[in-house]
Amino acid sequence: MNYSRAFVPTLREVPAEAELISHRLLLRAGFMRKLASGVYSWLPLGHRVVQKVAAIVREENNRAGGQELLLPALHPRELWDETGRSAVDVIFRLKDRNERDLVLGMTHEEVITDIVRGEVRSYRQLPLMLYQIQTKFRDEPRPRGGVIRGREFLMHDCYSFHTSQESLDETYRQMYVCYGRILKRLGLDFQVVEAESGSIGGSVSHEYMIVVDSGEDTILLCDSCTYAANAERCEIGQGADGEAFEPDPVKLVQTPGRRTIDEVTDFLEVPAEKMIKTLIYETGGGEVVVGLVRGDRDLNEAKLARALGGAKVALASPETIEKLTGAPVGFAGPQGLKGAKIIADGELRNGGNWVSGANEADAHILNINEGRDFSVDQWADLRVATGGDSCPRCSGTLVEKHGVEAGHIFKLGTKYSAAMGATYLDANGAGQTIIMGTYGFGVTRAVAAMAEQMADADGLLWPISVAPYEAVLLCLNVEEDGALAAKLCDELEAAGVSVLYDDRAERAGVKFKDADLIGIPIQIVVGRSAKDGKVEMRVRGRSEKKEVALSHAAAEAAALKDALLAELDGAADAVRPGV
RNA sequence: CGGGGUGUGGCGCAGCUUGGUAGCGCGUCCGCUUUGGGAGCGGAAGGCCGCCGGUUCAAAUCCGGCCACCCCGACCA
């Protein structure tokens, strides 16, 4: 491709709207443009990267036994009513000219299950693995980071159907490897973490986190074993015992208008870790439950729900809180509460002389201790894990990192198949509910995450596997060396190396800057030494450069391409199932 | 949805307090010079000042309403 004819609108100045490195660079390098909040157009270079990532996803899912299909983006709402997910708040809703309710697909469990229930009759047709790569729509509360969290994005979604848990487990392992291989081929530094399956349902799930400081998700990694989990999911180990203490007498203090932990710690000048945060929840069954965590901690609602045997929990209404505590919201404490189960985070066993709400308006209470002043009905791991907490699997310490979720795999079980009546006849002729798995990989998000993780002060740094072109050929003096460079361009193409040939009548500096910004891995320069039959060759982001005879340049570039690809493929081949 | 901020040639911004013929840098086009890390000089094109309404002789500027976009939080299947 000749640069002079290419649509590559690079920007010298940074668009004001972009904060993240990836967002700025993808705009500046002419890979994409914004149409609306969370909605982006992919320009030629960006589109080539997206297509290459999609191709790798396709190759790897085919390798794992998947069959590609293409489902509609426009769905009748009734289909989503079957699983109750039509009420999800991020779903885009619309009506047709006849006032029929439609939604835009944010994922496709319902649609694929509808197809399978209609066509699969016998255990002989299972297992089955079907996938697609398609645009998804989600009405995000707040799109951000450019294409990292968009409202329209390209996603790979795969669904598997089984007659047994063992069969699901096997496919889950295959997909575990599949996503790992994809990310390795993209050259990404990532971490597989145990994840919360959330409202999509199911039991086991893992997320593929691309490790970047700007990532929205917090993950925790053990510094001495392989345990790794999303902060939403992460369990916490026992940890060391607290120091001994002498119980002091209880004391009531007036704290007019101070409701939050921050306000109270400021006012009373006690550290948040000396406080008990008393959170009052209601379960789906209408039961009132009191959750206690240390003042500087956050309660993890998923953990609370699990500790209560899987009940749904939600913060109680102000009326319920007043009825239970006799005080307005903001002054609750665990002492003297009747009619509610008290469940406390294990950390509260360490230490004492806690500060909490007094269960009366505008007052807090000092020096309360478990046993003497309040009792706990159940101890549990209730708080959101943070760096420094103990590993639940060994004696190590958890380290906190940030990541972008690129992929998520779930053992779904029968949640959707049961709700939608997807059954088959087993060998005995008995009807059985199909067991399902679901797997998702954000294609455009992965592209943004690559830009975030693989960039330097000069611009992007694409791995050879997905670079928009494998080589960029800079002809510094088109008048003198244009014919020679054009011939080399043809030779490179013939050798299987895709080339962006910079034939523009620009100064050398402009060409170097643009080449670095765009981030094509192999840079070939036809410059001063062209008259001696030599060109320069180097890899973007690496300092070594060498002079190569013009006659060997195409072959050298092809060999370099193969070597760079082999590095990535070797990493992919080393991926092993972690489950 | 709560809080904060911004909308002025393609991009980045000034002008708004104190109303009076819309400006700068980059980019674009033409010419000459230059030519290995975003060149220099000269010339030129390009703007319903986000939208609607109000005040005024006069509104980018003041007032009201709306919209869009960004950031923080809530949320995130």
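Naming: A, B, ... by sequence-line order, numbering from 1 per chain.
The nearest whole Å value for the distance from the CZ atom in A/Phe92 to the P atom in B/rC76 is 17 Å. The distance from atom CD of A/Glu506 to atom P of B/rG36 is 14 Å, rounded to the nearest whole Å. With rounding to whole Å, A/Leu35 atom CG is found 12 Å from B/rC70 atom P. Atom C1' of nucleotide B/rG38 and atom CG of A/Asp516 are separated by 11 Å, given to the nearest angstrom. Atom CD in A/Glu17 sits about 13 Å away from atom C1' in B/rC71, given to the nearest Å. For the pair A/Ile148 CD1 and B/rC70 P, the interatomic distance rounds to 14 Å; values are reported in whole Å. Remark: P of B/rC1 and CD of A/Glu140 are 15 Å apart, rounded to the nearest angstrom. Atom CZ in A/Arg24 sits roughly 15 Å away from atom P in B/rC70 (whole-Å rounding).
In this structure, A/His408 has its ring center no closer than 6.0 Å to that of A/Tyr439. The aromatic ring centroids of A/Tyr179 and A/His156 lie less than 6.0 Å from each other.
With both ends at atom C1', the span from B/rC24 to B/rC67 equals 29 Å, rounded to whole Å. For the C1' atom pair drawn from B/rG37 and B/rC41, the interatomic distance equals 22 Å after rounding to whole Å. Going from the C1' atom of B/rC62 to that of B/rC1 covers 31 Å, rounded to whole Å. For the C1' atoms, the distance linking B/rC26 with B/rA14 amounts to 15 Å, nearest Å. Distance noted for atom C1' between B/rC16 and B/rG23: 14 Å (whole Å). Using atom P as the reference point in both B/rU28 and B/rG10, the two lie 15 Å apart (nearest Å). Straight-line distance between the P atoms of B/rG42 and B/rG50: roughly 32 Å, to the nearest whole Å. Comparing the P positions of B/rG3 and B/rG19 gives an interatomic distance of 31 Å, to the nearest angstrom.
Proximity of A/Arg12 to the phosphate of B/rG38: no side-chain N or O atom is located under 4.0 Å from OP1 or OP2. In this structure, A/Arg142 reaches the B/rC72 phosphate: one of its side-chain N or O atoms is under 4.0 Å from OP1 or OP2.
Ion pairing between a basic and an acidic side chain is recognised when a charged N comes within 4.0 Å of a carboxylate O; A/Arg504 and A/Asp514 show such pairing. A salt bridge is defined here as a Lys NZ or Arg NE, NH1 or NH2 lying under 4.0 Å from an Asp or Glu carboxylate O, and A/Arg151 with A/Glu140 fails to meet this definition. With respect to the salt-bridge test (charged N to carboxylate O, under 4.0 angstrom), the residues A/Glu17 and A/Lys34 qualify.
If you check B/rC26, B/rG38, B/rC69 against the side chain of A/Glu13, the one that comes closest is B/rC26. Taking the side chain of A/Ala36 as heavy atoms from C-beta on, and the options B/rG36, B/rC71, B/rC69, the nearest nucleotide is B/rC69. The nucleotide whose nearest atom lies closest to any side-chain atom of A/Arg538 is, among B/rG36, B/rG37, B/rC76, B/rG37. Side chain of A/Thr10, nearest nucleotide from B/rG38, B/rU35, B/rC71: B/rG38. Distance from the side chain of A/Ser37 is smallest to B/rC69 among B/rG38, B/rC69, B/rG73. Nearest nucleotide to the A/Ala16 side chain, out of B/rC70, B/rG12, B/rC76: B/rG12. Among the nucleotides B/rC70, B/rG37, B/rC76, the one closest to the side chain of A/Arg149 is B/rC76. Among the nucleotides B/rG38, B/rC75, B/rA39, the one closest to the side chain of A/Lys513 is B/rG38.
Within the shown strands, B/rG50 is the pairing partner of B/rC66 under the Watson-Crick or G-U definition, both distances less than 3.5 Å. When both distances must be under 3.5 Å, the Watson-Crick or G-U wobble mate of B/rG25 is B/rC11. Base pairing of B/rA74: no nucleotide in any strand meets the Watson-Crick or G-U wobble criterion (both distances under 3.5 Å). Pair check for B/rG20 finds B/rC57; Watson-Crick or G-U wobble, both atom distances under 3.5 Å. The partner of B/rG37 cannot be assigned: no Watson-Crick or G-U wobble pair with both contacts below 3.5 Å exists in any strand.
As judged by a 4.0 angstrom heavy-atom cut-off over every strand, A/Glu19 is placed among residues touching the sugar-phosphate backbone only. Counting any heavy atom pair closer than 4.0 Å across all strands shown, A/Pro141 reaches a base atom. Residue A/Glu536 is classed as a base contact, given a heavy-atom separation below 4.0 Å to a base. Within 4.0 Å of A/Asp514, counting heavy atoms only, lies at least one base atom of the nucleic acid. Among the atoms of the strands shown, none is found under 4.0 Å from any heavy atom of A/Lys511. Among the heavy atoms of the strands, none lies under 4.0 Å from A/Val90. If you check every strand for non-hydrogen atoms under 4.0 Å, A/Arg28 touches a base.
Note that A/Lys136 lies outside the cation-pi zone of A/Phe153, set by a 6.0 Å cut-off to the ring centre and a 45° limit from the axis.
In summary, the side chains of A/Glu452 and A/Ser214 do present a donor paired with an acceptor at a separation below 3.5 Å, with no hydrogens or angles considered.
When each of A/Val14 and A/Glu232 is assigned the nucleotide of RNA chain B with its nearest heavy atom, A/Val14 is the one assigned upstream, toward the 5' end. A residue-by-residue look at A/Glu479 and A/Gly145 shows that A/Glu479 has its nearest nucleotide of RNA chain B further toward the 5' end.
Here the straight-line distance linking atom CZ of A/Arg383 with atom CG of A/Leu292 works out to 13.5 Å at 0.5 Å rounding.
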